[in-house]
Protein chains: 2
Amino acid sequence: MHVTGHTTSGGSAGLSQSPQRAASIRDVAQAAGVSYQTVSRVINGHPNVKQETRERVEAAVQALGFRRNATAFALASGVTRSVTVLTTNTVLYGYAATLQGLEEAARSAGYALGVRVMTPEDDLDRTIAAAADTGGGLVVIGYDRLGAAALDRVPAHVPCAALVEAPPPGRTPHRPAVWADDRQAARTATEHLLALGHENVHYVAIPASTGSRRSAAPRAEGWRQALKAADVTPPAPCGTGWDAQAGYEAGKKLAKSPDVTAILCGNDDLALGVLRALHHAGRRVPEDVSVIGFDDAPHSGFITPSLTTVRMDFHGLGRAAFGLLRAQLDTDQPAPALVPAEPTLVCRESSGPRAT
Amino acid sequence: MHVTGHTTSGGSAGLSQSPQRAASIRDVAQAAGVSYQTVSRVINGHPNVKQETRERVEAAVQALGFRRNATAFALASGVTRSVTVLTTNTVLYGYAATLQGLEEAARSAGYALGVRVMTPEDDLDRTIAAAADTGGGLVVIGYDRLGAAALDRVPAHVPCAALVEAPPPGRTPHRPAVWADDRQAARTATEHLLALGHENVHYVAIPASTGSRRSAAPRAEGWRQALKAADVTPPAPCGTGWDAQAGYEAGKKLAKSPDVTAILCGNDDLALGVLRALHHAGRRVPEDVSVIGFDDAPHSGFITPSLTTVRMDFHGLGRAAFGLLRAQLDTDQPAPALVPAEPTLVCRESSGPRAT
DNA sequence: CTGAAAGCGCTTACAG
DNA sequence: CTGAAAGCGCTTACAG
């Protein structure tokens, strides 16, 4: 095995690599024959600089490959264009898509994005403090219990925006937050199943983001409301979890009862597991049982039967949450007021009329 | 709607919120009646401090809720415990799982993790420089062409580790890098299909990470090698892409030919699309056609038919990559030498003996 | 064991 | 329009 010679940098060809440490503002000043304050003015686009001076400085910047030290800038100016996302997960579709939206928004605004996953073992206060110390602001993904708890503990003086499951019932969130109308979406999905002739709709739940009994999870609540409005007694939600395995367990139980002809799931992964369990039990979808998911994960349109589900604009929610944070960090920035798309029911193969 | 009063901070109850700005090292010094250098010693665990002094300082730290300013520390010490991940994607399973491993490793080592998504429109050199300016090191996910290109442009003086598709053939990578033996894994999967009696195996490719003809993508190459070893002429790989839609397109074409009885796919999303296309074409899996994927995404075991695939330890690869970077950043740290698990073939329902 | 000095690389007033 | 000063909050030698 041998190593062929190769150039390492894609920078200006022919120029020798700058020595050890990067060029500083003073190096540029010396090269341009000005004071380093003038260099500061130029690189910050300050207006009061003579055109010729500006050009000399810019030439020196080019020649030395100068890049302003971000750390020093942050310390001196107190401005940190950065966001840290506090989340409990980065892989589940809803979280990953939200994160993607956040990253995109941060990037196009010129902000650096940090990610910190929280676990139940964490000392939340310490975690939050450490993230806040980084300088910029915080975005908390509060879709689950731990995330919601973290949001509650963010000190008042820390710039922070949140993504939540729904507006805390009975009170406004004490932080700028975005959410989708999951309640309405679940209602729509449930009504759809009822309209197809199903006499009842069962629900496989995702874990609630709050421990309090008073504030039901919005998806579960929407489902319940739709049933009640149709004078149907809501059955007990079946199981809870985030992944296909949890859905499979719940599905196994539901498959045993011939009365079950329609199942709404808290997310698409659960639905996938339910589908699998129904298949194993020999119950056909949608002929015997209709299944609807939530979120519209990328694969949901390609499984067989393709999954009827509620499309959520996590991407847009992520972007909006960043906008909320930015408005706090950079007050003279026009807040773009991004409005995420409303959840929409996407009808595919897994739902159909009740067998007669 | 009304807002009920609530305490915002989870900090020490009863203590009034600290004024505007956070306590500095000097505030602590004053409170403890020592110089601020002594405070520095205490918070850095320097040994030469009298026990009693140390306790006084620690008490003051507690009382004032002092937290060392990370920016100032970074500037003064030149040490930044942070990593920035350069990637083209955060949502596709392979990327997301790698990122998860990286985040976990970084977190448990006390490093902050940044994420920067690269797009084809980016000025790569500028992007890399900006990421490097942050202070810490870089981890480049080089699974695809853009990622691999970025890796090539990282300046020599920037601490950097990479995840690559495979060791650049014919030369060692000029950066510490980790990879899995995709070539061997593809060979194994292909041999498995041949052993099941299939006379040929078709391949639906993921995009190559390199443009050069000489260095074939490892998964494609392993597939090709296995066929050649069995004296089978490899058919032209069919289509290319990352997602189920791309797989669907490729699958539509393959479904038309009755000769096609076995298909290896570059990842599970492609396989899902292929499965869907076969279903639409009325070809049964595995009775008529066997399908094998790559990666073992979370849903692959729950679709019907469940997917035979190659399990990849992206998580372990991510952890290992972080270890490689850390060894550069923190030289007196014992490198833990994490070894990711080898890829393994997971046999499920989508593959079976050739129909006779 | 502890304090006084200089400096990390930049910015923000203050002078001219 | 440009330069000299002070400071962001911390660390690293240097003295004692």
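In this text the structure is predicted, and so the values were computed from the model without any measurement.
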(request) Specify the separation, in whole Å, of atom NE2 of H46(B) and atom C1' of dG3(C). (result) 13 Å
(request) Quick one: which residue pairs count as a ring pair (Phe, Tyr, Trp, His ring centres under 6.0 Å) with a foot in residues 40-59 of chain A, not counting sequence neighbours? (result) none
(request) Output all residues satisfying salt bridge (charged side-chain N to carboxylate O under 4.0 Å, His left out) with E103(A), sequence neighbours left out; order by chain, then residue number. (result) R107(A)
(request) Any salt bridge (Lys or Arg N to Asp or Glu O under 4.0 Å) involving residues 41-50 of chain B? Give me the pairs, sequence neighbours left out, ordered by first then second residue. (result) none
(request) For L151(B) and C160(B), run side chain to side chain contact (heavy atoms under 4.5 Å, CB included): C-alpha distance rounded to whole Å, both residues' side-chain angles, the deciding distance at 0.1 Å, then the answer. (result) CA-CA 9 Å; L151(B) 179 58; C160(B) 173; 4.0 Å; yes
(request) Using salt bridge (charged side-chain N to carboxylate O under 4.0 Å, His left out) as the criterion, list what pairs up with E121(A), not counting sequence neighbours. (result) none
(message) Using the salt bridge (charged side-chain N to carboxylate O under 4.0 Å, His left out) criterion, which residues pair with R116(A)? Sequence neighbours excluded.
(response) D122(A)
Atom pairs and distances, side-chain donor-acceptor, residues 64-78 of chain A, under 3.5 Å, sequence neighbours left out:
residue	atom	partner	partner atom	Å
R67(A)	NH1	D133(B)	OD2	2.5
R68(A)	NH2	N44(A)	OD1	2.4
N69(A)	OD1	T71(A)	N	2.8
N69(A)	OD1	A72(A)	N	2.8
S77(A)	OG	F73(A)	O	2.6
S77(A)	OG	V79(A)	N	3.0

(message) Among V140(A), L138(A), L113(A), which residue satisfies the side chain to side chain contact (heavy atoms under 4.5 Å, CB included) criterion with T84(A)?
(response) L138(A)
(request) Taking only heavy atoms on the protein side, list every residue of residues 51-61 of chain B lying under 4.0 Å from any atom of DNA chain D, sorted numerically. (result) none
(request) Provide, to the nearest angstrom, the distance between the CD atom belonging to Q30(B) and the C1' atom belonging to dG3(C). (result) 16 Å
(request) Determine: side-chain N/O of S35(B) to OP1/OP2 of dA4(C), distance under 4.0 Å, yes or no. (result) no
(message) Stem finding on DNA chain C, please: runs of three or more consecutive Watson-Crick or G-U wobble pairs, both distances under 3.5 Å, sorted by first number.
(response) C:1-3 with D:14-16, C:5-12 with D:5-12, C:14-16 with D:1-3
(request) Can you tell me the distance, in whole Å, between the CG atom of L75(B) and the P atom of dC8(C)? (result) 9 Å
(request) At under 4.0 Å between heavy atoms, which parts of nucleotides 10-16 of chain D does protein reach? Answer with one letter per nucleotide, 5' to 3': B base, S sugar-phosphate only, - none. (result) BBB----
(message) My understanding is that only residues two or more places apart in sequence, or in another chain, count here; which of them pass salt bridge (charged side-chain N to carboxylate O under 4.0 Å, His left out) with R56(A)?
(response) E52(A)
(request) Check ring-ring contact (aromatic ring centres under 6.0 Å, His included) between Y36(B) and all other residues, then give those that pass, not counting sequence neighbours. (result) none
(request) Using the ring pair (Phe, Tyr, Trp, His ring centres under 6.0 Å) rule, collect all pairs that involve residues 110-130 of chain A, keeping only residues at least two apart or in two chains. (result) Y111(A)-F322(A)
(request) Measure from CG on N48(A) to C1' on dC1(D) and round the result to the nearest Å. (result) 7 Å
